[in-house]
2 protein chains.
Amino acid sequence: MANLKIPRVIKMPIEVQATDALRDAIVSGSIAAGERVTEIQISQQMNLSRATVRTALHQLAKEGLLTLVPYTGWTVISLSAHDVWELYTLRSAVERLAGRLVASTITPAKIERLDGAMDRLVRECERGDVDRIAEADFGLHHTIIKLADHGRLAAQYALIEQQVRMLIRSSDAFDPEAQILKLDQHRPIVDAIRAGDVELAGQLSEQHNLVEGEKLSARLKALQEQALLEEPTATLRPARKRAALG
Amino acid sequence: MANLKIPRVIKMPIEVQATDALRDAIVSGSIAAGERVTEIQISQQMNLSRATVRTALHQLAKEGLLTLVPYTGWTVISLSAHDVWELYTLRSAVERLAGRLVASTITPAKIERLDGAMDRLVRECERGDVDRIAEADFGLHHTIIKLADHGRLAAQYALIEQQVRMLIRSSDAFDPEAQILKLDQHRPIVDAIRAGDVELAGQLSEQHNLVEGEKLSARLKALQEQALLEEPTATLRPARKRAALG
DNA sequence: AAAAGGGCGATTGTCGACAATCGCCTTTCT
DNA sequence: AGAAAGGCGATTGTCGACAATCGCCCTTTT
């Protein structure tokens with residue numbers, strides 16, 4: 001008999017569903033960056049207990065999507081220029097390691113999966129839809145990470161990817177000219193990994209991220225300058241109810 | 001008047017105290033690796049509510065120190081050979097980036113802090129106490145990480161360090177011979193950073209960790225072989241109360 | 001004797017209520 | 001009018017109780 005992998009069905013607690021829903025809301029921008037959220041507000045919207053929502057919020061805080069000021073409130077992160085620098089330097093280190101690991105353990109099966117992700121990127125680039133191109137781009141990077149067979153690396157990459165998604169959303173769309181170069185940037189990386197060239201795969205992966213970080217940083221800097229004058233002062237607590245007039 | 005940094009005293013919720021205490025118990029080995037823990041047991045020992053303890057457990061699970069099986073129980077991680085590989089490959093990537101960053105932004109002030117950490121390691125090596133040498137070792141690495149001025153990098157390194165501490169504890173003591181070589185291993189890294197040699201600082205940091213990982217992996221493999229026969233089967237739930245005899 | 005099925009207790013999951021804390025707003029004083 | 005001090009409401013922090021779920025153990029069956 002085949003040694004079937006029994007999926008081991010476990011009932012997912014509502015906690016994780018709430019966490020996933022909230023994470024998606026933040027990453028997708030349904031809840032804006034810098035916005036304040038309260039436990040009661042969310043628990044009412046989701047029809048859940050405050051304790052359950054609170055657990056979800058704590059999880060997302062650990063993922064770096066929220067900050068909590070004790071006895072005061074939760075706030076969605078808003079990424080600064082320094083955050084962009086942190087994200088892309090860290091991502092370059094993570095992807096460099098992933099590229100090296102996959103290249104050093106390359107197999108026909110891995111090449112097949114790699115080609116599948118690369119082919120999808122090629123097709124989407126020909127199609128021209130920027131959102132689908134972006135997804136295929138993430139998909140290729142994600143494939144390389146998975147092939148590294150490194151749980152902690154994958155977990156760390158997931159956190160980075162979430163915040164990068166918030167970034168590229170706030171820059172609204174990609175630079176149209178950059179779309180054309182996308183294939184030229186990724187093909188060498190895939191080729192180096194396929195060839196088992198550890199050093200080259202690592203170096204190209206690292207360099208690719210540093211370049212992307214620079215481009216995104218420049219674009220965001222321009223966007224933020226014009227938005228600097230909006231809402232200069234933010235209150236930490238909400239406005240209080242006015243006293244009743246006589 | 002001097003622009004004094006007001007520490008902004010905020011009352012720390014008991015949650016974080018409980019989290020810190022539990023984390024310390026796990027990392028220090030007071031709660032053994034692989035051990036099952038229950039919310040009630042801990043809440044009674046700490047004289048706290050289950051909800052508070054539960055929050056702390058969730059935090060530590062996010063840090064990778066605990067695993068939670070829904071409706072079943074919490075278990076302290078026990079690190080396998082693959083985990084050792086993950087930890088040291090990831091640590092090498094993180095420290096490589098840190099080394100590069102510090103080297104590329106080196107200043108007299110940073111050199112001073114670097115020298116302070118290195119001097120401490122030198123003194124402790126002359127003293128000969130393995131525990132204090134280990135702490136000075138961690139201290140030097142920690143100093144480099146802090147000098148990188150990279151929040152996410154520091155956070156990731158903290159998680160890795162915790163698990164590495166669990167590892168070296170289970171290998172009981174360091175290899176006495178390795179203590180002598182410790183200075184020879186760290187001095188070149190510090191020198192490269194001081195000289196602002198980005199490439200060399202990164203390469204030496206990376207290599208140092210990979211070597212350390214190999215050594216620890218070999219030592220643990222020997223230890224685990226003799227411990228393989230102990231407790232071959234572990235129950236997921238505790239023993240149930242026996243039915244009363246007539 | 002070996003295998004299949006259900007009972008049952010141990011543990012986590014969820015909820016609502018109350019307490020602690022913070023900071024905005026009003027008031028008071030100068 | 002400006003500055004300082006206190007009230008007060010909004011929000012998080014903590015707690016205990018009840019519900020949901022899982023898996024060990026015993027029973028039953030073959």
Side-chain angles (χ1 to χ4, degrees), chain A residues 6-22 35-62 66-76 233-246, chain B residues 6-22 35-62 66-76 233-246:
Chain A
I6 303 175
R8 184 76 192 76
V9 179
I10 312 178
K11 285 266 174 70
M12 280 260 180
I14 311 181
E15 289 177 340
V16 310
Q17 299 183 40
T19 306
D20 292 344
L22 273 174
E35 191 170 327
R36 278 178 36 86
V37 294
T38 69
E39 300 171 0
I40 295 180
Q41 161 207 348
I42 295 180
S43 64
Q44 287 174 347
Q45 286 184 14
M46 294 184 133
N47 200 24
L48 279 142
S49 160
R50 244 194 73 214
T52 304
V53 172
R54 188 177 168 75
T55 303
L57 291 174
H58 266 119
Q59 303 273 332
L60 298 179
K62 270 284 180 182
L66 288 168
T67 56
L68 167 63
V69 180
Y71 293 102
T72 303
W74 302 85
T75 308
V76 179
T233 57
T235 60
L236 200 51
R237 303 291 281 254
R240 202 166 118 196
K241 221 179 280 184
R242 295 257 176 163
L245 302 177
Chain B
I6 303 175
R8 183 76 191 75
V9 179
I10 314 179
K11 285 268 175 68
M12 280 263 182
I14 311 181
E15 290 177 339
V16 309
Q17 299 183 40
T19 304
D20 292 344
L22 273 174
E35 190 170 328
R36 275 177 39 86
V37 294
T38 69
E39 299 171 1
I40 295 181
Q41 159 208 348
I42 295 180
S43 64
Q44 286 175 348
Q45 285 183 14
M46 294 186 132
N47 200 26
L48 285 165
S49 158
R50 244 194 72 212
T52 305
V53 172
R54 188 177 168 76
T55 302
L57 291 174
H58 266 119
Q59 303 272 333
L60 298 179
K62 271 280 179 185
L66 288 170
T67 57
L68 167 62
V69 181
Y71 292 103
T72 303
W74 303 85
T75 309
V76 179
T233 56
T235 60
L236 198 51
R237 304 290 281 254
R240 201 165 118 194
K241 222 179 276 181
R242 295 259 178 162
L245 301 176

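In what follows, every chain begins at residue 1, and chains take the letters A, B, ... in the order their sequences are listed.
- Side-chain proximity of A:P13 to C:dC15, D:dT12, C:dG13: nearest is C:dG13.
- Side-chain N/O atoms of B:T52 include one lying less than 4.0 angstrom from OP1 or OP2 on D:dC15.
- In this structure, A:I14 places its CD1 atom 13 Å from C1' of C:dT12, rounding to the nearest Å.
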- Query: Where do B:R54 and A:E15 land on the salt bridge (charged side-chain N to carboxylate O under 4.0 Å, His left out) test, with the steps shown first?
  - Reply: CA-CA 13 Å; B:R54 188 177 168 76; A:E15 289 177 340; 3.0 Å; yes
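- Residue A:V37 is in sugar-phosphate contact alone, with no base atom involved, counting any heavy-atom pair closer than 4.0 Å across all strands shown.
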- Message: side chain to side chain contact (heavy atoms under 4.5 Å, CB included) for A:W74 and A:E39? Distances and angles first, verdict last.
- Response: CA-CA 8 Å; A:W74 302 85; A:E39 300 171 0; 3.0 Å; yes
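- Summary of helix geometry: the two end axes of the helix from C:dA1-D:dT30 to C:dT30-D:dA1, each defined by five base pairs via their C1' atoms, are inclined to each other by 0° (rounded to 10°).
- Nucleotide D:dG9 holds its P atom 15 Å from the CD1 atom of A:I40, rounded to whole Å.
- For B:R36, the side-chain atoms get nearest to C:dT11 when compared with the rest of D:dT12, C:dT11, C:dC15.
- Rounded to an integer number of Å, the gap from CD of A:E39 to P of D:dG13 is 6 Å.
- Taking atom CD on B:Q44 and atom P on D:dG16, their separation rounds to 11 Å, with Å as the unit.
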What nitrogen or oxygen pairs link the protein and nucleotides 17-19 of chain C at under 3.5 Å?
none

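- In this entry the distance linking CH2 of B:W74 with P of C:dG13 reads 6 Å, nearest Å.
- Rounded to a whole Å, the CD atom of A:E35 is 13 Å from the P atom of D:dT11.
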